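All remarks here apply to the structure that follows.
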Number of protein chains: 2
Amino acid sequence: MTVADLIARDVRAGTFAPGTWLKQIDLEHRYRFGRPDVRRALDYLAQKRLVQHVPNRGYHVVLPDSDQTAHILELRVILETAAVDSIVAHATPEAIRGIEALARKFDELILHGTVLEQYEANLAFHHELLSLCSNPELLTLVTDLRSRTSSALAGQWSTRARVEQSSREHHQMIKALDARDAQQLKDIITRHIRQPKER
Amino acid sequence: MTVADLIARDVRAGTFAPGTWLKQIDLEHRYRFGRPDVRRALDYLAQKRLVQHVPNRGYHVVLPDSDQTAHILELRVILETAAVDSIVAHATPEAIRGIEALARKFDELILHGTVLEQYEANLAFHHELLSLCSNPELLTLVTDLRSRTSSALAGQWSTRARVEQSSREHHQMIKALDARDAQQLKDIITRHIRQPKER
DNA sequence: TCCGCCAAAATTGGTACCAATATCATGCAT
DNA sequence: ATGCATGATATTGGTACCAATTTTGGCGGA
C-alpha cells in the first residue's frame, strides 16, 4: 500500500482532522517512508483535493466546504443516474447476486464493524454496482468524486439510523435492478446520494 | 506559467508525439527548470493521464485509445447536457454577448490562426458557456476531461470542414441559448461533442 | 499587563551527489 | 552471418545536505 493511501485512510478515519497540518517529518516517521515518497504522496493528494498545499507552509487537510460538497454530490447524481440504463442492460443474475452479497456484508458491519469498515463496505457495494456500466471511465470518475466528499464522513455517517437507512436503500436498489426498473433505480440512487435530512 | 503547462502545451501542439519518452534532462534544459520541478510536473501530468509513468523507465506521452476517448466523450455529453438547464436559467443578455464574442474570436482564428490557437479559442468558448452553470465543480470537471481527449487533437481538428462545422454549431448553441430552448441546446451540444463522422 | 520586536528553532523546498536499473553497442561463440 | 552474452553508457530515482522562509518563545518597552 502506498503512502498516499495510508494518509488518505488516516484522513478518513479522522486521525488527521480537517485543517491539520501534515508535517513531512511526522509522516516520514509514522509510515517509515523516505522524504521524497512523502512529498509525492502529498502532491498526489493535493491534486486529488484531499489536502491543500500552501507554499512555504506545507500541506493541511482540507476543510469541508458545504457548498462544494453539495455540488459534488449533484455531480454524482448526474453521473450515477446516467449510468443506470447501461447497468440495467448488463445486470446478469450472477452480477446481481454479487452485489447482493456486498450489500449483506455492509449490513453485517453495521453491527460489528468500525465506521471505516462500514465506509469501505459501502464503497465496495457501489463500486460493484457501477462496474456493470459499459463506461469504465464513469466508474473511475465517480470513485474519484466520492473520495473528495468522504472527509465529511463523520457528519454523514454519524447516526445509526442513517447507516440503516443506507442499508435499506441498497436493498431497494437491488430490487429495482432485479425488476429491470431503470427509473425506479434512478430515483433511489438520487435519494441515496442526496441523503435528504429527515423531516 | 508552470512546467506542467509548458509540457502540456507542447504535447497538444504535437512537439511531443504520443509515445515519446520525456527525458527529465531534456525537459530541464528545454524549459530551464530544476530537476524537482520537472519531476513534479511529470507526476502531475501522469495523474492527469496526459503522460504515463513506467518505473525505472520514465514518462512517455500517452497513446490515444479510441475506446477510452469515446468513453470520455460520453461523460462529457452526460455532464454538459446536464448543465444546460442551469445554464439557460442563468443566461443574462450580457453573458450571451460575452459568449458570442468568443465564438467570433474562434471564427477569426479559423482563417488566420494556428491549430493550437483554434483549440484554445474553442476551449475559451466552452469554458465561458459552462461557467453559467450554477455548479462550478462541473466546470472544472469537464475542463479536466477535455484535457484528456485533446491529445487526439490532430485527428479531430484535421480538416477545415470540421472546424467550420464546429463554428456553425457554436452559433447554433448561442441561438438556442438566446431562445431559452434547453432541449435544442442539449441536442446541439451532444452532436458537437460526438462529432459524428460525415456520411 | 499587554503589545510589538527580535532571536532561536523548526519546517519546507531546492541542490548536488550517488546508487540502481535499463538501454545500447561491441565482441564472442555457434 | 546471426544470436547471445557482456560491458559501457545513459537515465531514473533515492539520499544527504543546505538555504530560505515561517513559526515560536522570550525579552523589552509602553
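Quick note: numbers below take in every heavy atom, side chains included, and nothing from hydrogens, waters or symmetry partners. Bear in mind the structure is a predicted one, so any value in this text is a computation, not a measurement. Numbered from 1 within each chain, the chains take letters A, B, ... in sequence-line order.
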Identify the pairs formed between an N or O of the protein and an N or O of nucleotides 21-24 of chain D at a distance under 3.5 Å, and give each distance.
{"unit_1": "D/dT23", "atom_1": "OP1", "unit_2": "A/Arg57", "atom_2": "NE", "d": "2.5"}
{"unit_1": "D/dT23", "atom_1": "OP1", "unit_2": "A/Arg57", "atom_2": "NH1", "d": "2.9"}
{"unit_1": "D/dT23", "atom_1": "OP1", "unit_2": "A/Arg57", "atom_2": "NH2", "d": "3.3"}

Pick out which of B/Val11, B/Leu50, B/Leu45 makes a side-chain contact (heavy atoms from CB on, under 4.5 Å) with B/Val61. B/Val11
Would the B/His53 and B/His60 ring centres measure less than 6.0 Å apart? no
What is the ring orientation for A/Phe125 with A/His170, classed by angle as parallel under 30°, tilted 30 to 60°, or perpendicular over 60°? parallel
If you look at every heavy atom in B/Ile188 and B/Glu169, which pair is closest and at what distance? CG2-O, 3.8 Å
Determine, using the 4.5 Å side-chain heavy-atom cutoff (strictly less than), whether B/Phe33 and B/Ile7 are members of one ILVMFWY cluster. yes
Just the rounded figure in Å: distance from P of C/dG14 to CD of B/Gln24. 15 Å
Between P on D/dT12 and CG on B/Leu22, what's the gap in Å once rounded to a whole number? 9 Å
Of A/Lys186, A/Arg191, A/Arg146, the residue whose pairing with A/Glu80 passes salt bridge (charged side-chain N to carboxylate O under 4.0 Å, His left out): A/Arg146
Given atom CH2 of B/Trp21 and atom P of C/dA22, what is their separation to the nearest angstrom? 12 Å
Quick one: label B/Leu42 by what it contacts on the DNA or RNA (base, sugar-phosphate, nothing), any heavy atom closer than 4.0 Å. nothing
Please state whether the phosphate of D/dT12, meaning OP1 or OP2, lies under 4.0 angstrom from any side-chain nitrogen or oxygen of B/His53. no
Are any side-chain N or O atoms of B/Asp10 and backbone N or O atoms of B/Thr15, one a donor and one an acceptor, separated by less than 3.5 Å? no
Donor-acceptor contact below 3.5 Å, side chain B/Thr20 vs main chain B/Phe16: no
Nearest listed nucleotide, side chain of B/Ile25, among C/dT12, D/dT12, D/dG13: D/dT12
Proximity to DNA chain D (any heavy atom under 4.0 Å), residues of residues 32-40 of chain A only: A/Pro36, A/Arg40
